[in-house]
2 protein chains.
Amino acid sequence: MPETGFNGADNLFIRRWGEMAVSWGISRTMAEIHALLYLNTCPLCTDDVMDRLAVSRGSASVNLRELVNWGLIVRVHRRGDRKEYFEAEHDVWQMFETIMRERRRREIQPIVETIQRCLTMIDQERRGLRGKARAEADIHQKRFADILEFCGLMTTMFDLVNSAGRVGLKPLGKMLARLAK
Amino acid sequence: MPETGFNGADNLFIRRWGEMAVSWGISRTMAEIHALLYLNTCPLCTDDVMDRLAVSRGSASVNLRELVNWGLIVRVHRRGDRKEYFEAEHDVWQMFETIMRERRRREIQPIVETIQRCLTMIDQERRGLRGKARAEADIHQKRFADILEFCGLMTTMFDLVNSAGRVGLKPLGKMLARLAK
DNA sequence: TAGAATCTTCAGAAGATACTGAAAGGATCA
DNA sequence: TGATCCTTTCAGTATCTTCTGAAGATTCTA
């Protein structure tokens, strides 16, 4: 393993990052590898990850690939070295944008599509109803519409944050502070 | 079970809401119960939930309590009825604020505290270092500081969204649309 | 206070998820 | 071409999570 200047702070951070990941639906090992690469100044290879986090080759391989799929780390080749190295995105803002884009695609999009289908379904079902049943269906329709509107707004908000983020953290911070007043 | 006007759309939504929950670190049953109560116009009791979602009494009890702890549903008592009923928050905006507040407390706060500790630790460790090791420590320090700044900004943003949310979805939507240009 | 209705708890079971380690696959070198 | 180095795959295993169902606690009624 190359000199990586690991210390107590790094260990603490890596452990906590992994613990937190579980409550966000991400596997502990994957998050630990991500934290390890985020802190590291130079790319690491599979063996480095195995040694450092005490995981098997299989686990390291699978989790590294998954991180590459998410776009949070990239493969790095070195001349005269057959090993593959991995390097993390170090720009926190870019990291956030990547995570948001992926989660939107994988988790928000499916629910949005489902709600749209629900709205279509309920609209058809509603036609045959009268009186109380009709009123109930109207309320359900509104519930669906509310969530859908909310999802749309969230999407807008994250787009805004991402575009503002490109300018840098500082300007956005100032802008938000001004708005919050 | 009281008349609840369930239909295909509701079933579809409840199922999908439960599926998505898993990728957000929430148990499927808990999310399904939440979806069930969110859609329902009248409060439901434990037996209603058991019948509707085909879960055991124990599971219904535990998950309902957890939802109450999160503040997403409330207990409702009815005169002359010993059963306890449960009703969900129906305002999507309020729901979002509740979820964000809870997740911040349970998941963001711990990582923020850890990073602050990391910064203190690395600052102490750094004193004894010179040359390359010192430079490396400086970079690590910056990495920690970046995440911390990012967390602070996210917090500000959600506060803003929440306060703007109280005005209603529409005004915020317009405001964001204007900013996004 | 006995008895009925309801809720909570929890040990054991079931199910889901993630990891391991070895074998197979692929690339490069001599 | 064979040897070497490295990566990927996957069946079996370990671990973690969640559920079940019944026993026990609690609350209310008569």
Side-chain angles (χ1 to χ4, degrees), chain A residues 1-2 14-15 17-37 43-70 73-87 106-107, chain B residues 1-2 14-15 17-37 43-70 73-87 106-107:
Chain A
M1 185 164 192
I14 290 169
R15 213 175 320 125
W17 199 248
E19 285 163 13
M20 282 303 109
V22 178
S23 44
W24 286 97
I26 294 159
S27 93
R28 205 191 70 249
T29 303
M30 185 168 143
E32 284 190 351
I33 294 177
H34 179 236
L36 176 65
L37 291 171
L44 299 183
C45 70
T46 307
D47 289 274
D48 296 333
V49 172
M50 287 167 62
D51 293 348
R52 186 62 181 67
L53 302 177
V55 293
S56 70
R57 187 169 298 282
S59 184
S61 174
V62 167
N63 283 297
L64 282 166
R65 175 153 39 97
E66 194 61 10
L67 283 166
V68 170
N69 287 343
W70 270 75
I73 67 175
V74 290
R75 287 174 205 277
V76 178
H77 290 279
R78 284 180 174 175
R79 294 244 169 274
D81 190 342
R82 285 202 210 162
K83 278 206 199 79
E84 284 198 311
Y85 290 79
F86 298 89
E87 185 166 37
R106 299 172 191 218
E107 293 146 23
Chain B
M1 185 163 192
I14 290 169
R15 212 175 322 125
W17 199 249
E19 285 164 14
M20 282 303 110
V22 179
S23 44
W24 287 97
I26 294 161
S27 92
R28 205 191 70 249
T29 303
M30 185 169 142
E32 284 191 352
I33 294 177
H34 179 236
L36 177 65
L37 291 171
L44 299 182
C45 69
T46 307
D47 289 273
D48 295 333
V49 173
M50 287 167 61
D51 294 347
R52 186 63 180 69
L53 301 177
V55 293
S56 70
R57 186 169 298 282
S59 184
S61 176
V62 167
N63 283 298
L64 283 167
R65 175 153 40 98
E66 195 60 10
L67 282 166
V68 170
N69 287 344
W70 270 74
I73 67 175
V74 291
R75 286 173 205 277
V76 178
H77 290 279
R78 283 180 175 175
R79 294 244 170 275
D81 190 342
R82 283 204 212 161
K83 280 205 197 80
E84 284 197 311
Y85 290 79
F86 298 89
E87 185 166 36
R106 299 173 192 217
E107 295 146 22

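Chain letters run A, B, ... following the sequence lines, proteins first and then strands; every chain starts at 1.
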side-chain hydrogen bond (donor to acceptor under 3.5 Å, both in side chains) involving B/Ser59 - partner list, sequence neighbours excluded: B/Asn63
Nearest whole angstrom, please: distance from the P of C/dT8 to the CG of B/Asn69. 11 Å
So, using side-chain hydrogen bond (donor to acceptor under 3.5 Å, both in side chains) as the criterion, who are the partners of B/Thr46 when residues are at least two apart? none
Can you tell me the distance, in whole Å, between the CZ atom of A/Arg28 and the C1' atom of C/dT17? 12 Å
Could you check if a side-chain atom of B/Glu32 sits within less than 4.5 angstrom of a side-chain atom of B/Val55, using non-hydrogen atoms only? no
To the nearest Å, give me how far apart CD (B/Glu32) and C1' (D/dT18) are. 13 Å
Pick out the pairs of N or O atoms, protein on one side and nucleotides 6-13 of chain D on the other, that lie under 3.5 Å.
| unit_1 | atom_1 | unit_2 | atom_2 | d |
| --- | --- | --- | --- | --- |
| D/dT7 | OP1 | A/Glu84 | N | 2.9 |
| D/dT8 | OP2 | A/Ser61 | OG | 3.2 |
| D/dT9 | OP2 | A/Arg65 | NH2 | 2.6 |

Can you tell me how far C1' of D/dC19 sits from CE of B/Met30, to the nearest Å? 15 Å
Rounded distance (Å) that lies between atom C1' of D/dT26 and atom NE2 of B/His77: 13 Å
A/Glu19 has an atom CD; how far is it from atom P of D/dT15, in whole Å? 18 Å
A/Glu66 atom CD is separated from C/dC19 atom C1', nearest whole Å, by 15 Å
Could I get the full list of side-chain hydrogen bond (donor to acceptor under 3.5 Å, both in side chains) partners for A/Arg65, not counting sequence neighbours? none
Of all residues at least two apart in sequence or in a different chain, which pass the salt bridge (Lys or Arg N to Asp or Glu O under 4.0 Å) check with A/Arg57? A/Asp47
Rounded off to whole Å, could you give me the CD1-to-P distance for the B/Ile26 and D/dT17 pair? 15 Å
Relative to the 5' end of DNA chain C, which residue comes earlier, A/Gly80 or A/Ser56, by the nucleotide with the nearest heavy atom? A/Ser56
Please tabulate, for the side chains in residues 78-87 of chain A, all donor-acceptor contacts under 3.5 angstrom to protein atoms that are two or more places apart in sequence or on a different chain.
| unit_1 | atom_1 | unit_2 | atom_2 | d |
| --- | --- | --- | --- | --- |
| A/Asp81 | OD1 | A/Lys83 | N | 3.0 |
| A/Asp81 | OD2 | A/Tyr85 | OH | 2.7 |
| A/Glu84 | OE1 | A/Arg75 | NH1 | 2.8 |

